[in-house]
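Report on the structure given below.
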Amino acid sequence: MAGALPRPKRNSTKSKPTVAPEDVLYTDKDRSGDILDLELTSLCPNPFNKREMKGVPELAATIKEVGLLQNIAHIRAEVWIQTYPETADKITAPNVILFGEHRWRALQELGWEKIPSVLRDDKVEDARLITLIENLRRAQLSALEEAEHYQALREAGLSYEQIAEKVGETADGAISKGTVWKRVKLLTLEPEVQQALRDGTLKVSAAEKAQKLDGQDQRAYLGLVRGGARPEEAHSQILARQRQPEDSADDAPVSTGNGSGEETKGVPDPSPETTTVSTGNGEAAPPAPRRPKQPKQPVAKDDADRRTAAAARDAHCRLLLETTDPADPSSHELILSVLAAAVLAPQQQSAAQQRAYTWLREINRHGLEAADAAAYFNAVQDSGDSAVQRLAAFASALAAAELRTGARRQSWSSREIHHVRVLQEHAQYEPQTEWEQKELGLVTAGGDR
C-alpha cells in the first residue's frame, strides 16, 4: 500500500496581532518604572524638599557596611520644568531627584560614580505630595519644615482636609486636618519665636499657644517661657496684662494761690491724707481731706480661667471654620449639629453675626465684600450661593454658641458642654484651665482627674 500523502498546508485566515508601541517590551526609550544606573552628576536635588540634610555621614557609613538597600527615584528635567516652570532656575542637571536625596549625598561622600534610580515621569504631577509623604514617614521633618510643605500644597489648591487625607499615616500616626492647620499657622509666628522653635528652645505645643497673641505679646511670651514659666502660665500672664487697666494718673498739681500761675510740682505733700488748695484770694483754705485710693480688687481665679478659656475657644472656632468644607457631605452632620444647637437656644443674633464676620475675614473665607457684618449677611442671603450661605450660617451659629458659653457665669448646661465637645472633636481643642475642666467633668471640685 502506498504511503499516505502529506496533508496540504492550510494558510490561517487570522491576521497577525498588532502590538501598540507602548506595549512593546523592549524599546530604545526609557519608560516610567524602569531602573536606570545614573551618574551621580546627572542628578540634582528636588526643589520641593524642605528637609535638612542631617545624618548624611552616618547614612554613608551604613551604606558602606551593608550596601544600598533601596533605590532612589527621579524625573527627567524637561518633564519637571514643563510642569513646574517656576523652579527652572533650580534645576541644574538632566534629572531631578523625586526622593532619596540623602542616599544620593551619602554615595557622593563614598565616592561612588553611579546610583540605581527608578524613572518616575508619570508621578510629576504629584511631586510635592510624594516629597512630603516620603519625608513624613521617615520622621525626619521639623515642625516648620512640615509647615512649609503643607503651605506649598495649600498654594497648589489643596484644602486642609484633602492634605490630611492624602498624607494619611505618618511615622507619628494618622494626621488630621486640624494638625495641618496648626502647622501652617506656625509660619505666621514672629521670626524670634520661629527661630526658637527651629533651634529647639521652644516646643511645638508652646509655640502653638503663642499663635493666639500679637507680635509684641509673642515676644513677651517667649521671654517668660525661656525664663522658666510653663507655657500655660506664660500665656495666662500675657492675657492678664492685656486686661490690666492703666494706672491712674498722678494727682494734678494745684495753684499756690499767689496768682503767679506757679504750681506746687515737686513740693512735698504736707500730709498723705490732705491737699492744700487755693481759695482764689491768695489765702490758703483749710486742708481738704484726701480720698484714699481704693486698693485693686484681686481678680477671682474662676473669672481669669473663664477669660483664658474663652480666648482659647475663640481660636479653635476659627480653626473649625477654616477647615470645614460646607460642600463636603461628610461635614453636613457637624454643620447640622451646630445649627440645631443655635436654633434651640436663645441667640444674640447681632453680636453673633459680628463675631462670625470677624472670624470669616480673619481666615479669608468671607467670600463677599461688605462694609459691616449686617451688610455682609444681607449680601450672603441675596447671593444665591449655597456654599457661601451654609458657611455663613455655620459661622453665625458657632459664634452664637461661643458667645453664650463665654458669657455664662453659672455652671454650664448641656448646651455649653455640647459646644465645647464640638470643638474638642472637630477642632482639636484641649481645655487647659481647671475651671473649664471641672465644668466638663474632667476633674473633680478638688482638682483630681
**OP:** Provide the closest heavy-atom pair for Ala77 versus Ala93 in the form atom of the first, atom of the second, distance.
**Re:** CB-O, 3.4 Å

**OP:** Walk me through it: do Arg105 and Glu101 pass the test salt bridge (charged side-chain N to carboxylate O under 4.0 Å, His left out)?
**Re:** CA-CA 6 Å; Arg105 292 185 182 277; Glu101 184 178 343; 2.8 Å; yes

Original post:
Is the shortest heavy-atom distance from the side chain of Leu186 to the side chain of Gln194 under 4.5 Å?
Top reply: no

Subject >> Over 12 foreign heavy atoms within 6.0 Å of CD, Glu109 >> reply: yes

**OP:** Start with the C-alpha distance between Trp359 and Arg365, add both sets of side-chain angles, then the distance that settles side-chain contact (heavy atoms from CB on, under 4.5 Å), and finish with yes or no.
**Re:** CA-CA 9 Å; Trp359 286 344; Arg365 293 198 72 184; over 6 Å; no

**OP:** Supply the atom-to-atom distance Asn49 CG to Ile130 CD1, rounded to the nearest 0.5 angstrom.
**Re:** 13.0 Å

Original post:
Less than 4.0 Å between a side-chain N and a carboxylate O, is that true for Glu425 and Arg421?
Top reply: no

Original post:
Taking all atoms of both residues into account, what is the closest heavy-atom pair of Ser159 and Gln162, and its distance?
Top reply: N-OE1, 2.8 Å

Subject >> Residues that Gln108 engages under side-chain hydrogen bond (donor to acceptor under 3.5 Å, both in side chains), provided they are two or more places apart >> reply: none

**OP:** For the pair Arg230 (side chain) and Ala234 (backbone), establish whether a donor and an acceptor sit closer than 3.5 Å, ignoring hydrogens and angles.
**Re:** no

**OP:** Could you tell me whether the side chain of Pro431 reaches within less than 4.5 Å of the side chain of Leu440, counting heavy atoms only?
**Re:** yes

Original post:
Is the gap between the ring centers of Phe48 and Tyr84 under 6.0 Å?
Top reply: yes

**OP:** Check whether any side-chain N or O of Ser32 sits under 3.5 Å from a backbone N or O of Asp121 as a donor-acceptor pair, and report yes or no.
**Re:** yes

Original post:
What is the distance from atom OG of Ser331 to atom CZ of Phe394, rounded to the nearest 0.5 Å?
Top reply: 8.0 Å

**OP:** Compare all side-chain heavy atoms of Ile63 with those of Trp112 and state whether any distance is below 4.5 angstrom.
**Re:** yes

Original post:
Got a second to check how far Leu197's CG is from Glu192's CD, nearest 0.5 Å?
Top reply: 13.5 Å

Original post:
Would the number of heavy atoms belonging to other residues, nucleotides or ligands and lying under 6.0 Å from CD of Glu232 be above 12?
Top reply: yes

Subject >> Candidate pair Asn71 and Ile115, rule side-chain contact (heavy atoms from CB on, under 4.5 Å), full reasoning >> reply: CA-CA 8 Å; Asn71 297 331; Ile115 185 172; over 6 Å; no

**OP:** Determine, stepwise, if the pair Asn46 / Thr131 fulfils side chain to side chain donor-acceptor pair (under 3.5 Å).
**Re:** CA-CA 8 Å; Asn46 180 340; Thr131 303; 2.8 Å; yes

**OP:** Measure from the side-chain N and O atoms of Thr405 to the backbone N and O of Ala401, and report whether any donor-acceptor pair falls under 3.5 Å.
**Re:** yes

Original post:
Closest approach of Arg128 and Ala152, non-hydrogen atoms and distance?
Top reply: NH1-CB, 3.4 Å

**OP:** Flag the pair Ile97 / His74 as yes when at least one side-chain heavy-atom distance between them is below 4.5 Å, and no otherwise.
**Re:** no

Original post:
Which residues pass the side-chain hydrogen bond (donor to acceptor under 3.5 Å, both in side chains) test with Thr87, sequence neighbours left out?
Top reply: Trp80

Original post:
Are any non-hydrogen side-chain atoms of Ile35 and Ser117 less than 4.5 angstrom apart?
Top reply: no

**OP:** Identify the two heavy atoms, one from Tyr429 and one from Ala309, that lie closest to each other, and give their separation to 0.1 Å.
**Re:** OH-O, 3.7 Å

**OP:** Could you list the residues that satisfy side-chain hydrogen bond (donor to acceptor under 3.5 Å, both in side chains) with Glu155, not counting sequence neighbours?
**Re:** Gln151

**OP:** List the steps and the verdict of side-chain contact (heavy atoms from CB on, under 4.5 Å) for Arg103 and Ile72.
**Re:** CA-CA 7 Å; Arg103 280 162 276 168; Ile72 68 170; 4.0 Å; yes

Subject >> Exceeds 12 heavy-atom contacts within 6.0 angstrom, atom CD of Glu430 >> reply: no

Original post:
Under the criterion side chain to side chain contact (heavy atoms under 4.5 Å, CB included), which of Val225, Leu202, Thr188 is the partner of Val193?
Top reply: Leu202

**OP:** Measure the CD-OG1 distance between Glu125 and Thr83 for me, rounded to the nearest 0.5 Å.
**Re:** 5.0 Å

**OP:** Answer yes or no: is there an ion pair linking Glu402 with Arg355, defined by an N-O contact shorter than 4.0 Å?
**Re:** no

Original post:
If you round to the nearest 0.5 Å, how far is CD of Glu439 from OG of Ser413?
Top reply: 10.0 Å

**OP:** Could you tell me whether a side-chain N or O of Ser396 sits under 3.5 Å from a main-chain N or O of Ala392, the two making a donor and an acceptor?
**Re:** no

Original post:
Please walk me through it: do Gln432 and Lys209 pass side-chain contact (heavy atoms from CB on, under 4.5 Å)?
Top reply: CA-CA 11 Å; Gln432 298 291 334; Lys209 289 188 179 299; 3.7 Å; yes

**OP:** List the atom of Ala315, the atom of Trp181, and the distance in Å for their closest heavy-atom pair.
**Re:** O-CH2, 4.1 Å

Original post:
With distance as the sole criterion, is a donor-acceptor pair present between the side chains of Tyr150 and Glu146 under 3.5 Å?
Top reply: yes

**OP:** Fit a plane to each ring of Tyr376 and His366, take the angle between them on a 0 to 90° scale, and name the class: parallel (under 30°), tilted (30 to 60°) or perpendicular (over 60°).
**Re:** tilted

Original post:
What's the shortest heavy-atom distance between Cys44 and Thr92, and which atoms?
Top reply: CB-OG1, 3.4 Å

Original post:
Ring centroid separation for Trp435 and Trp412, is it under 6.0 angstrom?
Top reply: yes

Original post:
Roughly how far apart are Ile335 CD1 and Leu398 CG, rounded to 0.5 Å?
Top reply: 10.5 Å

**OP:** Would you check if Asn378 and Gln381 make a side-chain contact, meaning some heavy-atom pair closer than 4.5 Å?
**Re:** no

Original post:
Do Thr324 and Lys177 come close enough that some side-chain heavy atom pair is under 4.5 Å?
Top reply: yes

Original post:
Taking only residues two or more places apart in sequence or in another chain, which ones pass side-chain hydrogen bond (donor to acceptor under 3.5 Å, both in side chains) with Thr323?
Top reply: none

Subject >> Ser386 and Gln389 side chains, donor-acceptor separation under 3.5 Å >> reply: no

Original post:
Would you say Lys114 and Leu40 make side-chain contact, with heavy atoms under 4.5 Å?
Top reply: no

**OP:** Could you list the residues that satisfy salt bridge (charged side-chain N to carboxylate O under 4.0 Å, His left out) with Arg226, not counting sequence neighbours?
**Re:** none

Original post:
Which of these, Glu148, Glu208, Glu145, sits in a salt bridge (Lys or Arg N to Asp or Glu O under 4.0 Å) with Arg183?
Top reply: Glu208

Original post:
Should we say atom CD of Glu113 is surrounded by more than 12 heavy atoms from elsewhere, each under 6.0 Å from it?
Top reply: no

Original post:
Would you say Tyr221's side chain and Ala206's backbone share a donor-acceptor pair under 3.5 angstrom?
Top reply: yes

Subject >> Contacts of Asp385 that satisfy salt bridge (charged side-chain N to carboxylate O under 4.0 Å, His left out) - sequence neighbours left out >> reply: none

**OP:** Begin with the C-alpha distance, continue with both residues' side-chain angles, and end with the deciding distance and a verdict on salt bridge (charged side-chain N to carboxylate O under 4.0 Å, His left out) for Asp122 and Arg31.
**Re:** CA-CA 9 Å; Asp122 58 328; Arg31 296 183 301 162; over 6 Å; no

